[in-house]
Trainee: 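The following block contains the structure, expressed as structure tokens.
Quick note: residue numbers are just sequence positions, from 1.
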Amino acid sequence: MMFVTNTNLDQAYQEAFGAVLSFYRNSPFSIDVVDHGASKATGIEQLIRTEQLTGIPTYAFGDGNNDIPMLDYVDHPVVMGNGLPNVKEHAEFITTANTNHGIVKGLQHFDLI
């Protein structure tokens, strides 16, 4: 994560480092930085392949811009009630806020607990 004190240099970061890094702004003062082409989705994909978990339903919980690739990858994307508005567009289910038992309520919604 990169803490920044500006809100208008995102394009400059992308131009300077976009070939090797990906940037996800999650708040006015922080940007998540990951290797270009890497995401939570690629991590899940690798876990499924490595552990031979193909065919098992996948669930993911997210709230920020860095979660969008993961939410689009899994079978059942859940966004926290406190998630960013544009992230909620990627949800199958919107649960309560992370501070209001959001994970538990999301798992209950899918009868996983």
Trainee: Heavy atoms only: give me the nearest Asp75-Glu92 pair and the separation to one decimal.
Mentor: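 Where Asp75 meets Glu92 most closely, the heavy atoms are O-OE1, 3.4 Å.
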Trainee: Say you draw a straight line from CG of Leu21 to CD1 of Ile31; how long is it, rounded to the nearest 0.5 Å?
Mentor: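 One gets 11.5 Å once the value is rounded to the nearest 0.5 Å.
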Trainee: Should the ring pair His76 and Tyr59 be called parallel, tilted or perpendicular, given that the plane angle runs from 0 to 90° and is split at 30 and 60?
Mentor: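 Correct class here is parallel.
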Trainee: Taking Thr96 for the side chain and Gly81 for the main chain, is one N or O donor matched with an acceptor at less than 3.5 Å?
Mentor: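 Side chain of Thr96 to backbone of Gly81: no pair is present.
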Trainee: Please say yes or no: joined through hydrophobic side-chain contacts below 4.5 Å, possibly via intermediate residues, are Val79 and Leu84 part of one cluster?
Mentor: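 Both belong to a single hydrophobic cluster.
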Trainee: Are Phe93 and Ile113 in one and the same hydrophobic cluster, where Ile, Leu, Val, Met, Phe, Trp and Tyr link if side-chain heavy atoms are under 4.5 Å apart?
Mentor: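 The answer is yes; both residues are in one hydrophobic cluster.
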Trainee: Between the main-chain N or O of Asn82 and the side-chain N or O of Asp63, is there a donor-acceptor pair closer than 3.5 Å?
Mentor: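 Absent.
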Trainee: Check each of Val34, Asp10, Val33 against Tyr24 using the side-chain contact (heavy atoms from CB on, under 4.5 Å) test, and report the only one that passes.
Mentor: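 In the set Val34, Asp10, Val33, the residue that makes a side-chain contact (heavy atoms from CB on, under 4.5 Å) with Tyr24 is Val34.
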Trainee: Report yes if the side chains of Thr54 and Ile48 come closer than 4.5 Å at any heavy-atom pair, otherwise no.
Mentor: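 The answer is yes; the side chains approach within 4.5 Å.
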Trainee: Rounded at 0.5 Å granularity, tell me how far CG in Leu53 sits from OG1 in Thr58.
Mentor: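 The distance works out to 10.5 Å.
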Trainee: Check whether Leu112 and Val74 end up in the same hydrophobic cluster, where Ile, Leu, Val, Met, Phe, Trp and Tyr are linked by side-chain heavy atoms less than 4.5 Å apart.
Mentor: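 Each belongs to a different hydrophobic cluster.
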Trainee: How about CZ on Phe17, more than 12 heavy atoms from neighbouring residues, nucleotides or ligands closer than 6.0 Å, or not?
Mentor: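 It does not: Phe17 CZ has 12 such atoms or fewer within range.
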Trainee: Taking the side chain as every heavy atom from C-beta outward, state whether Leu107 and Phe61 have any atom pair closer than 4.5 Å.
Mentor: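 Yes, close enough: below the 4.5 Å cut-off.
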Trainee: Looking at CG of Leu71 and CG of Asn66, how far apart are the two atoms once the value is rounded to the nearest 0.5 Å?
Mentor: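 So the gap between those two atoms works out to 9.5 Å.
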Trainee: Do side-chain atoms of Thr50 reach the backbone of Gln46 as a donor and acceptor pair under 3.5 angstrom?
Mentor: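 Here the side-chain-to-backbone pair exists.
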Trainee: Quick check: does any side chain N or O of Asp67 sit under 3.5 Å from a backbone N or O of Gly64, one acting as donor and the other as acceptor?
Mentor: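 Yes, Asp67 side chain to Gly64 backbone: donor-acceptor pair under 3.5 Å.
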Trainee: At their closest point, which heavy atom of Ala41 faces which heavy atom of Pro69, and how far apart are they?
Mentor: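 Here Ala41 and Pro69 meet closest at CB-O, 3.4 Å.
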Trainee: May I ask whether Phe110 and Ile44 are part of the same hydrophobic cluster, defined by side-chain heavy atoms of I, L, V, M, F, W, Y residues being less than 4.5 angstrom apart, directly or through others?
Mentor: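 Not linked; separate clusters.
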Trainee: Check the pair Asn98 / Ile103 against side-chain contact (heavy atoms from CB on, under 4.5 Å), numbers first and verdict last.
Mentor: CA-CA 7 Å; Asn98 62 330; Ile103 299 287; over 6 Å; no
Trainee: To the nearest 0.5 Å, what is the distance between CD1 on Ile94 and CD on Glu89?
Mentor: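 The CD atom of Glu89 is 9.5 Å from CD1 of Ile94, to the nearest 0.5 Å.
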Trainee: Quick one, Thr95 and Met80 - any side-chain contact, counting heavy atoms below 4.5 Å?
Mentor: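 Contact flag for Thr95/Met80 side chains = yes.
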